[in-house]
Amino acid sequence: MILEDDFLRYLQVEKNYSHNTLKSYAFNLQLYPAFLTKHDRSILLADLSPATTRRFIQEQVMQYQIKPRTLQCRISALKSFCEYCVKENYMNHNFMLGVQAPKSDKKIPVYMTLQELKQLFTYLENDTGKFATRNHVLVASFAAYLCNAITSK
């Protein structure tokens with residue numbers, strides 16, 4: 001699609017988006033017209049609506065069980081594309097108006113195991129590099145602070 005290519009070129013040149021971001025946007029933008037075609041809907045910009053976009057999002061979640069973070073990326077790509085089309089006068093309405101991205105799932109923190117902590121201290125004790133003393137003091141101070149914070153509760 002020529003308009004999509006123009007949009008991606010705009011993101012690359014004017015917004016300086018990375019190659020990976022451009023690939024992600026290109027992939028995410030291909031999903032919407034595929035959805036429209038699959039459901040015998042018009043792919044003309046003038047015919048796109050927030051209701052159709054919400055149905056696309058619902059299908060992504062219900063049929064493909066995509067995660068909130070992935071859905072945020074897809075919605076972001078569509079919103080950027082829509083804003084570009086309005087700005088460049090390819091259309092005069094915003095088909096993403098009122099479409100909200102879901103809140104992302106919070107990542108669970110990853111903690112060091114006791115074995116990993118022992119390895120860290122062993123490394124620090126045997127380190128003879130330029131910053132060995134500083135690194136050892138910083139990690140030991142941080143560990144002492146955490147132990148104090150845990151035991152004072």
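Both backbone and side-chain heavy atoms feed into the values below; hydrogens, waters and symmetry mates do not. Sequential numbering from 1 along the given sequence is applied to the chain's residues.
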Point to revise | Side chain proximity check, Leu8 to Tyr17, heavy atoms < 4.5 angstrom | key: no
**Study point:** side-chain contact (heavy atoms from CB on, under 4.5 Å) between Leu48 and Thr53, intermediate numbers included
**Key:** CA-CA 8 Å; Leu48 301 179; Thr53 305; 5.7 Å; no
Point to revise | Heavy-atom side-chain proximity of Tyr123 to Glu125 below 4.5 angstrom | key: no
Practice item. Mind checking the CD-CD1 spacing from Glu59 to Ile66? Nearest 0.5 Å is all I need. Key: 10.0 Å
Point to revise | Close side-chain approach of Val86 and Met91, heavy atoms under 4.5 Å | key: yes
**Study point:** Residues in ring-ring contact (aromatic ring centres under 6.0 Å, His included) contact with Tyr10, at least two apart in sequence or another chain
**Key:** Tyr84
Exercise for review: Report yes or no: do Ser18 and Thr21 form a side-chain donor-acceptor pair below 3.5 Å?
Suggested key: yes
Practice item. Taking Lys79 for its side chain and Val99 for its backbone only, find out whether a donor-acceptor pair lies under 3.5 Å. Key: yes
Review point. Does the pair Cys85 and Phe7 meet the rule for a side-chain contact (heavy atoms from CB on, under 4.5 Å), with working shown?
Key: CA-CA 8 Å; Cys85 289; Phe7 171 63; over 6 Å; no
Review point. Which heavy atom of Ser80 sits nearest a heavy atom of Tyr25, and at what distance?
Key: OG-OH, 3.6 Å
Review point. About how many Å separate CD of Gln60 and CD1 of Ile75, when rounded to the nearest 0.5 Å?
Key: 9.5 Å
Review point. Can you check whether Phe131's main-chain N or O pairs, donor with acceptor, with Asn135's side chain at less than 3.5 Å?
Key: yes
Practice item. Could you grab the distance from atom OG1 of Thr133 to atom CG of Asp127, nearest 0.5 Å is fine? Key: 8.5 Å
Point to revise | Co-membership, hydrophobic cluster, residues Leu124 and Leu138, 4.5 Å side-chain | key: no
Review point. Are the side chain of Thr52 and the backbone of Leu36 linked by a donor-acceptor contact shorter than 3.5 Å?
Key: no
Review point. Same hydrophobic cluster for Phe81 and Leu97, using side-chain heavy-atom links shorter than 4.5 Å among ILVMFWY?
Key: no
Exercise for review: Treating Ile, Leu, Val, Met, Phe, Trp and Tyr as nodes and any side-chain heavy-atom pair under 4.5 angstrom as an edge, say whether Phe121 and Met112 lie in one connected cluster.
Suggested key: yes
**Study point:** Hphob cluster co-occupancy, Tyr64 + Ile57, side-chain heavy atoms under 4.5 angstrom
**Key:** yes
Review point. Residues in ring-ring contact (aromatic ring centres under 6.0 Å, His included) with Phe35, at least two apart?
Key: His39, Phe56
**Study point:** Distance, nearest 0.5 Å, that separates CD of Glu116 from CG of Leu120
**Key:** 9.5 Å
Check your understanding: In terms of hydrophobic clustering (I, L, V, M, F, W, Y; side-chain heavy atoms under 4.5 Å; direct or indirect links), are Leu78 and Ile43 co-clustered?
Key -> yes
Check your understanding: Does the Ser76 side chain pair with the main chain of Gln72, one donor and one acceptor, at a distance under 3.5 Å?
Key -> no
Check your understanding: Should Phe95 and Ser49 be marked as a side-chain contact (heavy atoms from CB on, under 4.5 Å) after you check the CA-CA gap, both sets of side-chain angles, and the distance that decides it?
Key -> CA-CA 4 Å; Phe95 67 85; Ser49 70; 5.5 Å; no
Point to revise | Arg9 and Glu14: CA distance, side-chain angles, deciding distance, side-chain contact (heavy atoms from CB on, under 4.5 Å) verdict | key: CA-CA 8 Å; Arg9 199 170 300 109; Glu14 293 188 34; over 6 Å; no
Review point. Should we count NZ of Lys130 as having more than 12 external heavy atoms under 6.0 Å?
Key: no
Exercise for review: Return the minimal non-hydrogen interatomic distance between Cys82 and Met96, and the atom names on each side.
Suggested key: CB-CG, 3.9 Å
